[in-house]
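Here's the structure we're looking at; comments come further down.
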Amino acid sequence: MPLPKLPSKPATILATQDYPTAGAARPATKTPAAKKVAAPIIEAAIAEVAKPVRNAATKIKQVAALMVAKPAPAPAAAAPAAAPAAVAAPAAKAKPAAKGKVTPIKPVQQAEQPHPAKHKPVEVQLKSSASRAADQRGISKLFVLDTNVLMHDPSSLFRFEEHDVYLPMMTLEELDNHKKGMTEVARNARQVSRTLDALISNTDDDAIEHGILLSKLGNKDAKGRLFFQTRLQSADLPAGLPVGKADNQILAVVRSLESEQEGRPVVLVSKDINMRIKARALGLPAEDYFNDHVLEDTDLLYSGIVQLPDDFWNKHGKDMESWQESKNGYSSTFYRVTGPFIPSLLVNQFIYLEPKNGETPFYGQVKQINGKTAVLQTLRDFSHTKNNVWGVTARNREQNFALNLLMNPECDFVTLLGQAGTGKTLLALAAGLAQVLETKLYNEIIVTRVTVPVGEDIGFLPGTEEEKMSPWMGAFDDNLEVLNKSDSDGGEWGRAATQDLIRSRIKIKSLNFMRGRTFVNKFLIIDEAQNLTPKQVKTLVTRAGPGTKILCLGNIAQIDTPYLTEGSSGLTYVVDRFKGWTHSGHVTLARGERSRLADHASEVL
């Protein structure tokens, strides 16, 4: 069965009352003109129900047709803004009139409502009401930063655009308490301290009192000022709150600033959920730090695949050019097309068109884009046995797209997203073995992943670096077993020899020792990349030397790292940043191929 269309921006079905309407048209549902238009339809519906019903099914259809029928056009004297409301008025007025009488209408109304379990919940407002009101009036805000914001993102000082930033003395005290150690939090605390030291250098006391320009160090996007707490600020907090706690002292500073700077919104920014709850309970504006999110909605994440419209060739095939080229031992066809759909595409994006009339489907990849003109290349069919990769063939459309990226030596960086069982690891290993042992394109395969346990940690592991990493590499052992079983010609001894040869070409490395390394002619696989921060991903990708190919595999729905979300994950970060680059590609694998049990579990659990 063919897969459904993969839209670049999935649609969300709204309830009837949630559809947006023009601001001037909403109160028009109670105008006399709307009542005059709605009254005949309601009376006709009630009269139809009052008649003796001989054929129930026919009568239900007739009444439903009357209720959804378009009303007569409004008089010419009516205002144009009231026209949409007059059209929507019959449905709105029909509900109370039909209550208890027109029972057959109820299934029709329920069919329009979305199923609560099948649709995405309403997005939570990220900004506080004070921030939204200030944005509407165009007033600059004063953001009071909690310590965890600075330790989460050391560059957060420069992420507030034209607004000012205020640092309480307790925030600086907590930074000093967390600066020791080798953890990521300690490194971030030391980096923030160095940044603050550079900002206050060569400034006098008056400059600190009136604010230091955040653009002093060359950050042109930061147009606000940095303020420090230079005097004791006391505020009345509830008597039950302990005064010595750091969070309560920061809350006291926020309340004091609100009383001092009347008319200017003061907003507390914190990554601590309980801190924000306490602030809102005290009537103080508080919000999360969300500037580190690559996307506010992960449904908008680049999928790497787009379905062409049915009339694509009719609109874009007028002056089409085509030719053939042979690259990497494979001959492919190129098309140069021009049309209105081209500007919405990206380089190395996969396109497909599967006609419903039984014609041959088209699968291609965008190679060049120049305005409204693009060069499209046909793909190699890896679903056919003759094009198998280490005995593995593509089982669906997305796997075929992924193998085209993995086997393309011109593509240096590949990201594969997908749920459990979509074949990410198996395809990556098969492509790596084929290009290391068969075509000799790379020297060896290097596998690494972040060591974040799903449950509690089992403690220290004995042995060398590779032996310590082996428990985390169970997924690769399982896939290697599958790839070795495909070779049945050599017998058991042949499989054992092949397995030893493969093991000698696969190196398992830890992320902790990647700093300063350079990989030359390596096939680097980063598994479970969704658990990496953007900074860690940058550290790994910049290890690539000449002739190295890097693969990032992961599922952003299975993040185990604390404080990481789907929007701030390093995998989401690189997918969004690398899209459209000539030497990178991305595919979101949609259908699981592990087993029917795993597919059903992914859907219902």
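Since this is a predicted model, take the numbers as computed values, not measurements.
- In this structure, Gln368 and Val347 have side chains that are not in contact, with every pair of non-hydrogen atoms separated by 4.5 Å or more.
- With Gln399 contributing its side chain and Thr422 its backbone, the two residues share a donor-acceptor pair below 3.5 Å.
- Of all heavy-atom pairs spanning Leu301 and Leu417, the tightest one is CD2-CD2, 3.6 Å.
- The aromatic rings of Trp323 and Phe334 lie parallel to each other, their planes meeting at an angle below 30°, with 60° marking the opposite boundary.
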task: For Thr448 and Ile525, run side-chain contact (heavy atoms from CB on, under 4.5 Å): C-alpha distance rounded to whole Å, both residues' side-chain angles, the deciding distance at 0.1 Å, then the answer.
output: CA-CA 6 Å; Thr448 184; Ile525 301 176; over 6 Å; no

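- For the ring-ring contact (aromatic ring centres under 6.0 Å, His included) test, residues two or more places apart in sequence or in another chain that qualify with His583 are Trp581.
- Although no hydrogens or angles enter the test, the distance criterion places no donor-acceptor pair under 3.5 Å between the side chain of Asp221 and the main chain of Glu161.
- Using a 4.5 Å cut-off on side-chain heavy atoms (C-beta onward), Phe523 and Leu551 make contact.
- Atom CD1 in Ile445 sits 4.5 Å away from atom CD1 in Ile506 (nearest 0.5 Å).
- Contacts classified as side chain to side chain donor-acceptor pair (under 3.5 Å) and involving residues 335-345 (residues at least two apart or in different chains) are given here: Glu321-Arg336, Thr338-Thr373.
- More than 12 heavy atoms of other residues, nucleotides or ligands sit less than 6.0 Å from atom NZ of Lys535.
- Put simply, the side chain of Thr542 gets close to the backbone of Lys538: a donor and an acceptor are under 3.5 Å apart.
- Listed by chain and number, the residues in a side chain to side chain donor-acceptor pair (under 3.5 Å) with Ser383 are Asp381 (sequence neighbours excluded).
- A distance-only check finds no donor-acceptor pair linking the side chain of Ser326 to the backbone of Ser331 [under 3.5 Å].
- Inter-residue side-chain proximity for Leu376 and Ile351 is flagged as met; some heavy-atom pair is nearer than 4.5 Å.
- The pair Glu398-Arg591 does not meet the salt-bridge criterion, since no charged nitrogen lies less than 4.0 angstrom from a carboxylate oxygen.
- Closest of all the heavy-atom pairs between Ala374 and Ile342 is CB-CG2, 3.5 Å.
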field: Stepwise side-chain hydrogen bond (donor to acceptor under 3.5 Å, both in side chains) test for Asp153 and Tyr289
entry: CA-CA 9 Å; Asp153 182 8; Tyr289 176 73; 2.6 Å; yes

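- A heavy-atom distance below 4.5 Å is found between the side chains of Trp313 and Met320.
- For Gln558, the side-chain contact (heavy atoms from CB on, under 4.5 Å) partners are Ala420, Gln530, Asn555, not counting sequence neighbours.
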task: Please report the C-alpha distance between Val537 and Leu571 in whole Å, then the side-chain angles of each, then the deciding distance to 0.1 Å, and finally whether the side-chain contact (heavy atoms from CB on, under 4.5 Å) criterion is met.
output: CA-CA 8 Å; Val537 169; Leu571 184 56; over 6 Å; no

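- Within 6.0 Å of NZ on Lys179 lie no more than 12 heavy atoms contributed by other residues, nucleotides or ligands.
- Among residues two or more places apart in sequence or in another chain, the side-chain contact (heavy atoms from CB on, under 4.5 Å) test is passed with Pro409 by Asn328, Leu441.
- Scanning both residues, Ala430 and Val392, for their nearest heavy atoms gives CB-CG2, 3.9 Å.
- Partners of Phe341 by ring-ring contact (aromatic ring centres under 6.0 Å, His included), not counting sequence neighbours: none found.
- Judged purely by atom type and a 3.5 angstrom limit, Asn148 uses its side chain to pair as donor or acceptor with the backbone of Lys271.
- Contact detail for Leu416 and Ala402: the closest heavy-atom pair is CD2-CB, 3.8 Å.
- In this structure, CD1 in Ile556 is found 10.5 Å from CD in Gln419, a value given to the nearest 0.5 Å.
- Evaluation of the ring-ring contact (aromatic ring centres under 6.0 Å, His included) rule for Phe519 yields no partner, not counting sequence neighbours.
- Sorted pairs that involve residues 406-423 and meet salt bridge (charged side-chain N to carboxylate O under 4.0 Å, His left out), not counting sequence neighbours, are lacking altogether.
- For residues 308-318, the set of pairs meeting the salt bridge (charged side-chain N to carboxylate O under 4.0 Å, His left out) definition, not counting sequence neighbours, comprises Asp311-Lys315.
- A cation-pi contact, defined as under 6.0 Å to the ring centre and within 45° of the axis, is absent between Arg397 and Tyr363.
- A distance of 5.0 Å separates OH in Tyr302 from CG in Leu346, rounded to the nearest 0.5 Å.
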task: I would like to know whether Lys522 and Glu444 meet salt bridge (charged side-chain N to carboxylate O under 4.0 Å, His left out); could you show each step before the answer?
output: CA-CA 6 Å; Lys522 309 294 185 188; Glu444 62 183 4; 3.1 Å; yes

task: Let me see the working for Thr539 and Arg543 under side-chain hydrogen bond (donor to acceptor under 3.5 Å, both in side chains), right down to the final yes or no.
output: CA-CA 7 Å; Thr539 302; Arg543 301 305 99 207; 6.0 Å; no

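- Using modelled atom types, one side-chain atom of Lys549 and one backbone atom of Cys411 make a donor-acceptor pair closer than 3.5 Å.
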Residue pair Leu379, Gln365: steps toward the side-chain contact (heavy atoms from CB on, under 4.5 Å) verdict: CA-CA 7 Å; Leu379 301 179; Gln365 188 179 16; 3.8 Å; yes

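- Qualifying ring-ring contact (aromatic ring centres under 6.0 Å, His included) partners for Phe312, counting only residues two or more places apart in sequence or in other chains: His316.
- Thr393 is linked by a side-chain contact (heavy atoms from CB on, under 4.5 Å) to Asn388, counting only residues two or more places apart in sequence or in another chain.
- The side-chain heavy atoms of Phe350 and Asn404, taken from C-beta on, include a pair separated by under 4.5 Å.
- A donor-acceptor pair is defined here as one N or O able to donate and one able to accept, closer than 3.5 Å; no such pair exists between the side chain of Glu528 and the backbone of Ile559.
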- request: Kindly indicate, with the supporting measurements, whether the criterion side-chain contact (heavy atoms from CB on, under 4.5 Å) is fulfilled by Phe382 and Met407.
  value: CA-CA 10 Å; Phe382 285 99; Met407 299 301 293; 3.9 Å; yes

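- Glu359 contributes no side-chain N or O that, together with a main-chain N or O of Pro355, makes up a donor-acceptor pair within less than 3.5 Å.
- Under the 3.5 Å distance criterion, the side-chain polar atoms of Gln191 are left unmatched by any main-chain donor or acceptor of Asn188.
- Here the straight-line distance linking atom OG1 of Thr415 with atom CZ of Arg577 works out to 13.5 Å at 0.5 Å rounding.
- Contact of the Ile305 side chain with the Thr588 side chain is not registered, since no non-hydrogen atoms from C-beta on lie closer than 4.5 Å.
- Legend: residues meeting side-chain contact (heavy atoms from CB on, under 4.5 Å) with Ile277, ordered by chain and number and at least two apart, are Ile273, Asn274.
- Residues Pro546 and Val520 share a closest heavy-atom pair of O-CG1, 3.5 Å.
- Side-chain contact check for Val269 versus Asp146: every heavy-atom pair is 4.5 Å or farther apart.
- Counting heavy atoms from C-beta on, the side chains of Phe413 and Cys552 come closer than 4.5 Å.
- Side-chain atoms of Ser332 never come within 3.5 Å of backbone atoms of Thr378 as a donor-acceptor pair (strictly under, hydrogens ignored).
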